[in-house]
Amino acid sequence: MKAGKLRVILGVAACTLLLAGCGVNEPGNVAGGSVVSPSPSGAPSESPLPTASPAPTPELLSQEVSVYLTDEQLLEMIERKVTIEFGSEEELLNKTIEALQENEEPNQSLWNGIEILSATLNEGIATIDIKIPDESRLGAPGEMMLIDSLKKTLFQFEFIDGIQLLVQGEQVESLMGHVDLEHPLKKD
Amino acid sequence: MKKFVSILLLMSLLFTLFASVGHAASTPPKLFLNGKELLSDVEPRIEKGSTLVPLAILSEGLGYEVEWEGGPKKVTVKNDSTVIELIINQTSIRVNGEVKEIDVTPPKLVNWRTMVPVRLVGELLGISFEWKEDVREVHMFEKAEEPKPGTETPETPAVGYITAVNMDEQSIIRISHAGANAPGKPKLLDNPRRLVIDFPYTAFIPQLANTIGTDGQAKITVENNPYLTSYRYSQFSASPLTARLVVDLGDDTGYVLTSGENEFAIALMPLSEVPAQPVDPETPTEPEEPSTPEPSTPPDNSADVYDIVLDAGHGAKDPGAYSKSLNRWEKEFNLSAVLKIKAELEKDKRFRVHLTRKDDTFLELMDRVKFAENVKADLFISVHANSYDNTSVSGVETYYERANSKAFAETMHKYVLAGMGIRDRGVKKAAFKVIKETTMPAILIEAGYLSNASDASALFNTKTQDKLAVEVAKGIKDYLKLK
Ligand SMILES: [Zn+2]
């Protein structure tokens, strides 16, 4: 009886060692790649200075910009023109996304329910980190138009060649489970 | 109910958190015992470096004696020499009565199933483990010196689902199901007088599971009926997976149990009217033929059998669209509809149905595509429900992408419309991943708008879902020009 118990304890100890020893082999952080990270682009994006324009102009510029909404029947995209004042291209990017999120009844912004965590510009790539509240998840056609409206809106700018869309820092396969998301989205 | 939903949300949130650390969730690991793959209805998952498996893997797969006590949420696993006791979410375990602290993910409940750290338990019971990183496979080997006498690892029987439990005006309780195994012999108990019927290897579809309260059962009280005062159902045991129905009978009530296609019926009547030779419940051949495990089915040569892949959109951390009016999620509808379509199609032996997901699990879109290609599907149907900010938008849409899918979409759309009985928003072409990258005729059905209150109530109406299943099956036969 006693010997038997001892054997079990030894067994347990051996197992514990085994467990610890095998830790290296365990399938833990295998994926690498897309770890949740606070700075989504991977690049330090703190610098508020415009990166693209060589000589930053102190005075505000003004530009007429098109943003794309969806008609009330979710059938087609509707263009809406807004005038945006900005000091840098990154500011133009951010203000354009803000405008893209506004409804203009009866037309709807599919971006209305999406939270923008950050939008930064680096070497022609707009990196937009978003959060999708579960209640804002769309069906297949809505998801398609969501992505198309962003592309159509942002690719009107010469200075944007690609859009890196992240969900809470991660490169996801799909935003809402119907459309596969390119990383980054490219100008056609 | 509310509480239950929030627990569910919490659990899926937890899962999402774990899943975001490394791509753990994307490909579930595969389990092998002595080189043979162990299959189960719930996919193993890796959390914080530990592989969690459903209890059935330990009992049916590895042949251990496993007990589950719902009250203390305790799992006991034993072989001849070792007894291991684990409690859900606790890092203290007992090994032969001695308390041990573990440093791996403790056992937990995931979508009403008990998941246990297989390596911890297996190693304590003398199994050696090998993790093959590149193929994500867990290999287990029984020690040679302890051969288990005459054990050929039994196949895990296929799990069936109860899709509805209702009573009609004739006091017949009908249990609709998709592939549920025939119940064991009903037990008639006294004090209080009740009838207990167990369905082995059977779970509830999420819609029904949602109705099970924190006390572990869903109870339907019946008023002014001499035969019964109530009936209730529960997921009685997790291992072996057992669904239970209890009918609280009047003193003078007898019953007759019959099984029809996709249905068991319990007719209640006065004792005096029960047929003298009580109809035996179809002498069930224990757990029914373990239908071939899903993902690895090699398509056989029988040319007259069609392989149909049904893809329930979304799952687990991706709930899909939301119905505000019903507080329900798209993933629930998709799964329920797909289970019903499967049951309907399988009435015809010419169809072999494969489901990309059979429960609330998450699959990447690419995994769904690969699944359909692997089983060499003849047809692919992805089932979804839609949403838009404008709540007046409603109706059915059917999508295709490739030229070889257009005719299929056009045929199916008519039948889906007939099944749903809501507005027609037409057949459309769009490049959704699962219909773009598969190669067989493939469609994606948006069966209605959850954002529209009237569509939503149709989508979650059992009768509408039944009709939809019947119509989809008809549509497939029409497209394939069968009968
Ligand atoms: Zn969907």
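Lettering follows sequence order; numbering is per chain, from 1.
Neither the backbone nor the side chain of B:Arg368 comes within contact range of chain A; no heavy atom of the residue lies under 4.5 Å from a heavy atom of that chain. Looking at A:Asp71, the atoms closer than 4.5 Å to chain B (heavy atoms on both sides) all sit in the backbone: N, CA, C or O. Using a 4.5 Å cut-off between heavy atoms, B:Lys324 does not touch chain A at all. Using a 4.5 Å cut-off between heavy atoms, A:Ser136 does not touch chain B at all. Contacts between B:Leu444 and chain A at a heavy-atom distance below 4.5 Å involve the side chain alone, from C-beta outward. Of the atoms belonging to A:Ile132, not a single heavy atom falls under 4.5 Å from chain B.
A:Glu135 contributes no side-chain N or O that, together with a main-chain N or O of B:Tyr322, makes up a donor-acceptor pair within less than 3.5 Å. A:Gln108 places no side-chain N or O within donor-acceptor distance of the main-chain N or O of B:Asn390, the cut-off being under 3.5 Å.
Other residues, nucleotides and ligands place more than 12 heavy atoms under 6.0 Å from the NZ atom of A:Lys187. Within a 6.0 Å radius of NZ in B:Lys436, other residues, nucleotides and ligands contribute more than 12 heavy atoms. Taking a 6.0 Å sphere around CD of A:Glu105, one finds it holds more than 12 heavy atoms contributed by other residues, nucleotides or ligands.
Heavy-atom minimum distance, A:Leu138 versus B:Ser387: CD2-O, 4.1 Å. Of all the heavy atoms in A:Pro141 and B:Glu397, the pair that sits closest is CG-OE1, 3.4 Å. Closest of all the heavy-atom pairs between B:Tyr388 and A:Glu72 is CE2-O, 3.4 Å.
In this structure, CG in B:Asp318 is found 7.5 Å from OG in A:Ser174, a value given to the nearest 0.5 Å.
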Please determine whether side chain to side chain contact (heavy atoms under 4.5 Å, CB included) holds for the pair B:Lys428 and A:Leu75, giving the CA-CA distance in whole Å, both sets of side-chain angles, and the decisive distance to 0.1 Å.
CA-CA 11 Å; B:Lys428 305 178 185 200; A:Leu75 294 172; 3.5 Å; yes

Could you give me the CA-CA distance, side-chain angles and deciding distance for B:His314 and A:Arg137, then say whether side chain to side chain contact (heavy atoms under 4.5 Å, CB included) is met?
CA-CA 11 Å; B:His314 313 283; A:Arg137 291 179 177 276; 5.9 Å; no

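Counting heavy-atom pairs closer than 4.5 Å to chain A, the top-ranked of the candidates B:Ile435, B:Leu365, B:Asp389, B:Asn386 is B:Leu365.
Two residues are said to be in side-chain contact when any heavy atoms from C-beta on lie closer than 4.5 Å; B:Arg425 and A:Leu74 meet this criterion.
Contacts with chain B (heavy atom to heavy atom, under 4.5 Å) involve these residues of residues 175-184 of chain A, listed by number: A:Met176, A:Gly177, A:His178, A:Val179, A:Asp180.
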